[in-house]
Q: 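Okay, here's the structure, questions in a sec.
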Amino acid sequence: MEQQHQDELYMKRCLQLARKAQGNTYPNPMVGAVIVHNGVIIGEGYHLKAGAPHAEVNAINAVKNPALLEKSTLYVNLEPCAHYGKTPPCSLLICQKKIPRVVIGCKDTFSKVAGKGIEILRAAGAEVIVGVLEKESRELNRRFFTFHEKKRPFILLKWAQTRDGFLDIDRSTEAEPRPTWITDEWARRIVHQWRSMEQSILVGTMTALRDNPSLTVRDWSGPDPLRLVVDRHGKLPHTLSLFKGETPTLVFTEKKDMTLEGVETVLLSPGSNTLSCILEELYRRDIQSVMVEGGSILLKAFLDAGLWDEARVFVGEKWFVAGVKAPLIPQQPVSEEKFGNSRLFVFQNK
């Protein structure tokens, strides 16, 4: 088998392994590692969660005959770490085990690594190949790279709209807060899966007031995201589901602290830029991703500012004729698929 094709084949396996921990590794990236001897995988592993052994360590520990390591190739989708954190540097371990060839998907741009792991390996005499399935490797950890390179969380916009382009009917006269469903249970289930993969979830004042959302993971298995809500002028009643305390909630407001269990306020200065304040606070807290679920004013603000990385838009079969208009994205989607009674369009901000 041609060497390049073989390297890509085993790198694909690294990416498969890494995805197994999606949503559970924050603030660390998703990493998979494979060790190959004479065309046979003799060890593989992936990083399960922060503080646990890294993928390279798990792969090395899985090798039954350690003597083979000195004649093997180690594949990993991200540059091995070079610093002491909660675990020792993987690059030093690879050198200690005298693995002669290391194939890396992409460099780690985190300042404490940033090529240092590659330097350590090459200084020890290892052959190091970098950039095998580089695009796929960066795409897998796009939240991690966005956070460290742009100094802000990865921003995912999500909404559902009708065939005629509305997010909601006019509910200004309604007394009881409730959502207006456009999609079916299949779309709601995948949204809950998405929530389990993101570190935080954000809604605006009117969405919290009209829909009374919980913003938790109920139709899927996984961790609840940190809930965020904008309430600059203190309009939201403390009886909302967001304030029940079962899941931590941050409220961005100009008002004084809320004395509710599980609820923390982030005070905004009058006239300050809401989006900048939110993103700066999330970066300070090491939150690498935020899913914005509405409403229309908040979604449009992110779009107008160019502050978004991906948008996922469901278009259902319903027609509202009038109501709250959905935001517009002036570009073509990168993908489209049927999802229950709706179609899912995915956009990426280039």
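Residues take their numbers from the sequence shown, with the count starting at 1.
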Q: Could you check if a side-chain atom of Gln348 sits within less than 4.5 angstrom of a side-chain atom of Lys350, using non-hydrogen atoms only?
A: yes
Q: Is Glu264 salt-bridged to Arg285, going by a charged N under 4.0 Å from an acidic O?
A: yes
Q: Classify the ring geometry between Phe314 and Phe339 as parallel (under 30°), tilted (30 to 60°) or perpendicular (over 60°).
A: perpendicular
Q: How close do Ala18 and Leu140 get, counting heavy atoms only, and between which atoms?
A: CB-CD2, 3.6 Å
Q: Is there a salt bridge (charged side-chain N to carboxylate O under 4.0 Å, His left out) between Arg142 and Glu139? Walk through the geometry before answering.
A: CA-CA 5 Å; Arg142 56 193 184 277; Glu139 176 70 13; 3.3 Å; yes
Q: Is the side chain of Thr162 donor-acceptor paired with the backbone N or O of Phe166 at a distance under 3.5 Å, no angle test?
A: yes
Q: Can you confirm whether Leu121 sits close enough to Cys95 that some side-chain heavy atom of one is under 4.5 Å from a side-chain heavy atom of the other?
A: yes
Q: Classify the side-chain pair Gln161/Trp159 by whether it contains a donor and acceptor separated by less than 3.5 Å.
A: yes
Q: Hey, does the Lys NZ or Arg CZ of Arg312 hover above the aromatic six-ring of Trp194, less than 6.0 Å from the centre and inside 45° of the axis?
A: yes
Q: Are there over 12 heavy-atom neighbours, none belonging to Lys338, within less than 6.0 Å of that residue's NZ?
A: yes
Q: Using only heavy-atom distances, determine whether the side chains of Tyr75 and Asp7 contain a donor-acceptor pair under 3.5 Å.
A: yes
Q: Quick one: are Val34 and Cys14 in side-chain contact, heavy atoms under 4.5 Å?
A: yes
Q: Pairing donors with acceptors under 3.5 angstrom, does anything connect the side chains of Ser342 and Arg163?
A: no
Q: Run the numbers on Glu149 and Arg138 for salt bridge (charged side-chain N to carboxylate O under 4.0 Å, His left out), then give the verdict.
A: CA-CA 12 Å; Glu149 294 172 7; Arg138 281 188 59 87; 3.1 Å; yes
Q: Does the pair Arg143/Glu198 count as a salt bridge with the N-to-O cut at 4.0 Å?
A: yes
Q: Measuring only between side-chain heavy atoms, which start at C-beta, is Ile42 closer than 4.5 Å to Ser72?
A: yes
Q: Does Lys97, at its NZ atom, have more than 12 non-hydrogen atoms belonging to other residues, nucleotides or ligands within less than 6.0 Å?
A: no
Q: Check Pro225 against Thr247 and note the closest heavy-atom contact, atom names and distance.
A: O-CG2, 3.7 Å
Q: Are Arg232 and Thr274 close enough, and set up right, to give a side-chain hydrogen bond (donor to acceptor under 3.5 Å, both in side chains), and what steps lead you there?
A: CA-CA 9 Å; Arg232 288 201 79 116; Thr274 303; 2.6 Å; yes
Q: Identify whether Val191 and Leu215 are in the same connected component of the hydrophobic contact network (ILVMFWY, side-chain heavy atoms under 4.5 Å).
A: yes
Q: Side chains of Arg227 and Ser200: any donor to acceptor distance under 3.5 Å?
A: no
Q: Any salt bridge linking Glu336 with Arg343? Criterion: basic side-chain nitrogen under 4.0 Å from a carboxylate oxygen.
A: yes
Q: Taking a hydrophobic cluster as the set of Ile, Leu, Val, Met, Phe, Trp and Tyr residues connected by side-chain heavy atoms closer than 4.5 Å, whether directly or through intermediates, do Leu93 and Leu74 fall within one such cluster?
A: yes
Q: With a 4.0 Å cut-off, would you call Glu280 and Lys151 a salt bridge?
A: no
Q: Looking at Glu127 and Arg101, is any side-chain nitrogen of the basic one under 4.0 Å from a carboxylate oxygen of the acidic one?
A: yes
Q: Quick one: does Ile35's side chain get under 4.5 Å of Ile60's, heavy atoms only?
A: yes
Q: If two hydrophobic side chains count as joined below 4.5 Å and joins carry through other members, does Leu279 share a cluster with Leu299?
A: yes
Q: Quick one: do Phe154 and Phe147 satisfy ring pair (Phe, Tyr, Trp, His ring centres under 6.0 Å)? Show the steps, please.
A: CA-CA 6 Å; Phe154 181 90; Phe147 182 81; over 10 Å; no
Q: Any chance you could lay out the side chain to side chain contact (heavy atoms under 4.5 Å, CB included) test for Ile104 and Val128, step after step, and finish with the verdict?
A: CA-CA 7 Å; Ile104 298 168; Val128 182; 3.8 Å; yes
Q: Taking 4.0 angstrom as the limit, do Glu281 and Arg284 come out as a salt bridge?
A: yes
Q: Looking only at side chains, do Arg19 and Gln22 share a donor and an acceptor under 3.5 Å apart?
A: no
